[in-house]
Amino acid sequence: MFQDGLIARQTPSGESFGTTEQIGLRIAQLGLILLVAVFSISLPRRPEVFHDGVPVDGMYTVSALGKYTFSWVEHLLVLSRKKNRLELEDLPKMDQYTRSRDLSEAWAATSHEKKLWVEIFLAHKWSFVIQWFLTLLQAFGNFAPQFVTYHILKILEKRLPGDAVSFEAWIWVVTLTIATIGAAWIESWLFWISWSEVAIPIRAQLAALIFQKAMRRKDVKGASKSAKKDVPAGPDMADASADAIAGDKPELDEEDADPKGKQNTVNLIGVDAKRVSDFCSFNNYFPGSLFKLIVSFAFLLSIIGWQALLCGFLAMSLTIPLNIFFSKRYAAAQDRLMKVRDTKMGVVTEALQGIRQIKFSALEANWHEKIGKVRRKELDEQWNVFVSDTFLLFCWISSPIALAATSLAVYAWKYGELTPSVAFTAIGVFASLEVTLAVIPELTTDLIDAFISVERIEKYLAAPEISKNTNHAPNISFEDASIAWPSDEAKEDDDLRYVLRNINISFPEKELSVVSGKTGTGKSLLLAAILGEVDLLGGKINVPQPPQTRDRHDHLANKDNWIIPSAVAFVAQIPWIENASIKDNILFGLPYDEYRYKKVIEVCALKKDLEMLTDGEATEIGANGINLSGGQRWRVTFARALYSRAGILVLDDIFSAVDAHVGRFIFEKGLTGELGVGRTRILVTHHVALCASKTKYIVELGDGTIAQAGLVSELENDGKLQEIISHEETESEIVEDEDPTAVNSAESSNGDATDIGEALKKVDSKAAPKKFVEDELREQGRVKTRIYLDYMKFSGGLPFWSIALLAFSLLQIIVTGRAWWIRLWTGSNEKRHTSIVHSFTYSYQVHDLSPHQLNSTLSTTDAHSANLKFYLGIYVAFSIASIIVGLFRYYFIFTGSIRASRRMFDSLSFTILRTPLRWMDTVPLGRILNRFTADFNVVDSRLANDIGFGANNLFRLIGVIVAG
């Protein structure tokens, strides 16, 4: 094409610049170039990629044309039309830029020494750059139609009646079409980038960081020392829960002020991480608004002059101090609100976890009141947020109105009249400016919310972690070690924690060792030290180094390489059961070995239990084994440890919840049987006499140190073994903690013993296993009318919504009346123009307006001055009325929102506390907590704003229709 251009320039006018064959070749060449260009953007960039056997999102697989026209999601749209809904399995896998694992690995690959929000920006900087670049293009695209229309009108103004429309005008018409389509495409692509490459990856990354931190955090026991210190009273309400539950404080000592409790992790992921990601998705409105403001002010400057615009700015700037003050108030209230929400989360979690004790003790009313106290404090802080937000909305409503009213008033006062061209053109710009300014206060509050949330997340991520405090060695041993439960504070001389001091013990490899001692002597603390879950105050702890999970290659395990000598399996004092089938709980992700599995079932006395259960080994266990007895839970947990590949078994009192004869059977057949021999077994128990015959090493704890320790043979020769046995708790003390099981003995497995309680009947069923915990269902179709009616009833009923409807209607009447008044005002001035043609030309040639031209053509009389004051006074009155009513409508909606939130939460907590236990057993705790946290966060904070802004837009539309 460049060559053709040179040839055309060098060819004299009127002559051909080549033969017919040359021209044909040139055209063919151009056609081939265009064909190659089309093919280059139409060919797929790579074969279809799969992850775990499922296709990965095709955005980076399809052609450039398919990517930028969104055609790669066509199959999902077709599928959704056929099925009317999409399930998770219908969706493709996320790509490597969105998957949480890849994002976590990318984050861990670099060091992070700056503030969290800076690190988030740096980690996703190119996505932010693309987002902002598209925002600037969008801003140009929004003004492109006005720019093109201006040129079209300019051409039509020069056109005389009867003349044909020039070719240039048609070019501008085509340009207008392309600009409109281009602006729509840029806006849709910007929306996609904002969510797919900014919001979703950031939320996934933050959630992964919080989960990982939760696994690495110290498991702090009890209150930290700083939490016990007196907190000075002050307006910042550092301990937001102190007043909320004074005199009836729940056990949330260290979790009041800092987001570090286990329950608060849910808030950080469900609320805080979402706030940060949501703000990141629309942070580009800040530079976009700034650019639109610059263009709008430049346009206004050319219309009304700098004096009127400056006065308008001065009037608008009066709200800036108020805006700054209430922004700070809003931030402080929002910070207090999040702290109270953390406290509420803890109280609700405590109630749900202890719901059985609450019901058995008939304490529903007491706990309802306890939850209600925290909830009232939360709503008080939510109201403070709403009040601050109301004044920020006042700044938003009053700023553009003050700007428009003052600018037009000063212009009219200075030049003596207000013409239609100036009035309606300026008002059009002011209306656009009002939409732009409307975004800024809401963005500011969202920025404050996101900043508070990112600080809470950063504080959580900065909490102390479990430090590496063990040394690698062939066997487990302690050398002059002093250990204590983890603390989130630095070591001090006046440490009040229970400490085991001067520990010098060495557990023999592949043998059974027993740890005994009275209650509270630190037996569980000693086991936690083996796992590295304690603070090492001095000395050394030696433990074999277990392999990394990725190096275990469990899927390749067989009988020959099953046991990994350095791997550790732990059975805690409170058995942990997964919400899965009994078989899945025992296998725990390992390959199925039929002989080993059946042997584990036999030696753990589970055979008879599985026969009695309807679905046998496929029986689904509820959360924390809720549908199993205490003994069954222990035996399933012990079965998991026996089946595991661990060469080291750390067992915390596995005999406490089973009968004596069952305990002996498990000890002889399981712990010291075929599956136990050859493993290092460390057992905490009060039943030393039961275990002594097959125990190699015994440790007795007492008075914060080791009372006795050594090989059984040595202790027996010294006469200390009988002394240790004599220190055992009495039989009654042991039996107090035992939980009889339905089928819990070797004899009952053979049918020789009497079953405890009501006899169980064997049921032979080949039907599909029943689900104990049903999956959460999704509603289909639109939101039911009953939901809207219930919310309207809770928020105040018919009287409330009648007043709200009246307020929104009155505001729209005032806004429409203000525009109508300007029409009357400008209509009175139109009569002084010499002709309609002059008025039409004047209204479009705004670029010719200047103060000296107006002064040269206008004269002011006393009568005209009085007329100006009349119209100007009414216009200012309309403006003030719109500010007052506009502020009242949001304030009124906020009151209804608080009322609805209070009643709905009270109704939910009342129902949950009094619902049957069977329902509580079949619904996961997390699902209920989601209703109390994430869902009520929407009801409390977002719903009122959504109703206010939605109703505002609806009534503006009605006003446009009525005015038209």
Side-chain angles (χ1 to χ4, degrees), residues 37 40-42 45 57-74 76-77 94-98 103 106 117-149 174-206 274-299 432-433 435-444 446-447 450 454:
S40 66
I41 64 173
S42 301
R45 284 168 290 172
D57 182 43
M59 186 174 74
Y60 295 102
T61 301
V62 298
S63 64
L65 183 64
K67 175 181 178 180
Y68 293 109
T69 57
F70 300 100
S71 64
W72 87 91
V73 297
E74 181 182 1
L76 285 179
L77 301 178
M94 294 183 290
D95 56 55
Q96 71 271 24
Y97 302 109
T98 315
L103 290 168
W117 67 270
V118 177
E119 295 290 353
I120 292 173
F121 173 78
L122 293 177
H124 303 272
K125 55 182 179 294
W126 293 116
S127 298
F128 281 114
V129 168
I130 295 173
Q131 185 189 34
W132 294 345
F133 177 71
L134 290 176
T135 301
L136 293 180
L137 290 182
Q138 183 192 32
F140 279 110
N142 288 340
F143 284 99
Q146 287 84 352
F147 178 77
V148 174
T149 303
V174 174
T175 304
L176 177 61
T177 305
I178 296 173
T180 305
I181 296 174
W185 177 83
I186 290 174
E187 185 176 0
S188 57
W189 189 253
L190 173 62
F191 185 82
W192 169 252
I193 290 293
S194 297
W195 285 100
S196 68
E197 297 191 14
V198 178
I200 294 176
I202 287 177
R203 186 176 184 186
Q205 195 165 55
L206 288 176
K274 188 176 187 302
R275 274 183 172 180
V276 175
S277 65
D278 285 352
F279 175 75
C280 290
S281 71
F282 50 74
N283 77 92
N284 57 304
Y285 286 2
F286 272 118
S289 299
L290 177 63
F291 184 78
K292 290 176 184 177
L293 285 175
I294 293 173
V295 175
S296 299
F297 288 154
F299 194 30
S432 175
L433 198 61
V435 175
T436 303
L437 290 174
V439 178
I440 294 178
E442 189 177 359
L443 280 179
T444 304
D446 289 334
L447 172 62
V454 83

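The shown structure was predicted, so the numbers you read here are calculated from the model rather than taken from an experiment. Along the sequence shown, the residues carry numbers beginning at 1.
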List the residues meeting side chain to side chain contact (heavy atoms under 4.5 Å, CB included) with Ile130, not counting sequence neighbours, and say none if there are none. Leu134, Ile193
Kindly say whether Ser127 contributes a backbone atom to a donor-acceptor pair with the side chain of Glu197 at under 3.5 angstrom? no
Check the orientation of His124 and Phe128. Use parallel for under 30°, tilted for 30 to 60°, and perpendicular for over 60°. perpendicular
Under 3.5 Å, is there a donor-acceptor pair between the side chain of Ser281 and the main chain of Ala199? no
May I ask you to check whether over 12 heavy atoms, not counting those of Tyr285, lie within 6.0 Å of atom OH? no
Between NZ on residue Lys67 and CH2 on residue Trp189, distance to nearest 0.5 Å: 5.0 Å
Rounded distance (nearest 0.5 Å) linking atom CD of Gln131 with atom SG of Cys280: 8.0 Å
Are the side chain of Trp117 and the backbone of Ala450 linked by a donor-acceptor contact shorter than 3.5 Å? no
Side chain to side chain contact (heavy atoms under 4.5 Å, CB included) evaluation trace for Phe70 with Met59: CA-CA 8 Å; Phe70 300 100; Met59 186 174 74; over 6 Å; no
List the residues meeting side chain to side chain donor-acceptor pair (under 3.5 Å) with Lys274, not counting sequence neighbours, and say none if there are none. Asp278
Apply side chain to side chain contact (heavy atoms under 4.5 Å, CB included) to residues Val62 and Ser71 and explain how you reach the verdict. CA-CA 9 Å; Val62 298; Ser71 64; 5.6 Å; no
Point-to-point distance, once rounded to the nearest 0.5 Å, from CD1 of Ile202 to CG of Leu206: 7.0 Å
Interatomic distance, CG@Leu137 vs CD@Glu187, rounded to 0.5 Å, equals 13.0 Å
In terms of ring plane angle, is the pair Phe282 and Phe279 parallel, tilted or perpendicular, where the classes change at 30° and 60°? perpendicular
My understanding is that only residues two or more places apart in sequence, or in another chain, count here; which of them pass side chain to side chain donor-acceptor pair (under 3.5 Å) with Ser196? Trp192
Between the OG atom in Ser63 and the CD1 atom in Ile41, the distance rounded to the nearest 0.5 Å is 7.5 Å
